[in-house]
Amino acid sequence: MLLAIDTSAGTSVAVVDGVRGVLADIDTADTMRHAEVIGRLIAECLDRANVRVADLTGVVGGMGPGPFTGLRVGIAAARVFALGAGLPFLPVISHDAIALSRFRAGHTGGLVVVTDARRREVNWSAYSGADAAGLPVRLAAPGVAKPAVLLEPDWVYAGLVRADAVTVPAADLGRVAELLLANDRAFATDAAFYLRSPDVTLSNGPKRVS
């Protein structure tokens, strides 16, 4: 029984059971109020699922890629919830959830998942398809680029079907985690996928005063 949380694109929360499937899921495409809504959405989702904290066995966190502030709200919420409840924290690449949703809907073959990275850029992840367990097979680590790059005919993944998404479904994030657990696969590294170089630079020292 997993609580899944993602704020890499909008805010999404779900409760997923390994046997009964998705018990509840709530999401909003608002990219400006992650911190204001995350606590309420978690409480509401648990209530809809009729699940107590004691019933959960893990907390899934979407690790991005995503914009810096919004992404870290969900990761922090998932980590703190897991810590407070004494549950394992299970990190999952957010784009894997979008890819899984497309494969579950019947898509076969290659896929490029695209989400907004802000500042006129997009985050992308390329997949060759789904494996025998149903898990998306990533061709490369998530990347960030100008939208025009993805439209160039000589782009290395130009032949793959493009899947744009405005939110990452926490329900499918939980499904990815369930499949990883059921097939004894490794989870993502416990580090946020914020792909852009930091805006803040180290100081060159105090300025001289004349």
Next on the checklist: Between L46 and L56, is the side-chain contact (heavy atoms from CB on, under 4.5 Å) condition met? List the steps.
Outcome noted: CA-CA 10 Å; L46 291 171; L56 298 171; 4.1 Å; yes
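- Distance alone, capped at 3.5 Å, places no donor-acceptor pair between the N183 side chain and the R185 backbone.
- Rounding to the nearest 0.5 angstrom, the gap separating the CE atom in M1 from the CZ atom in R20 is 4.5 Å.
- When hydrophobic residues (I, L, V, M, F, W, Y) are linked wherever their side-chain heavy atoms come within less than 4.5 Å, the members clustered with V16 are V22.
- Distance check, rounded to the nearest 0.5 Å: CD1 of I26 to CZ of R48 gives 4.0 Å.
- Interatomic distance, CZ of F89 versus CE of M63, reported as 4.5 Å (0.5 Å rounding).
- R104 CZ: 12 or fewer foreign heavy atoms inside a 6.0 Å radius.
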Next on the checklist: Pair L139, V156 - check side-chain contact (heavy atoms from CB on, under 4.5 Å), show working.
Outcome noted: CA-CA 11 Å; L139 291 172; V156 66; over 6 Å; no
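- T7 places a side-chain N or O within 3.5 Å of a backbone atom of G70 that can act as its donor or acceptor partner.
- T57 OG1 to L3 CG: the interatomic distance, rounded to the nearest 0.5 Å, is 10.5 Å.
- In terms of modelled atom types and a separation under 3.5 Å, the side chain of S12 and the main chain of D27 share no donor-acceptor contact.
- Atom OH of Y194 and atom OG1 of T69 lie 7.5 Å apart (nearest 0.5 Å).
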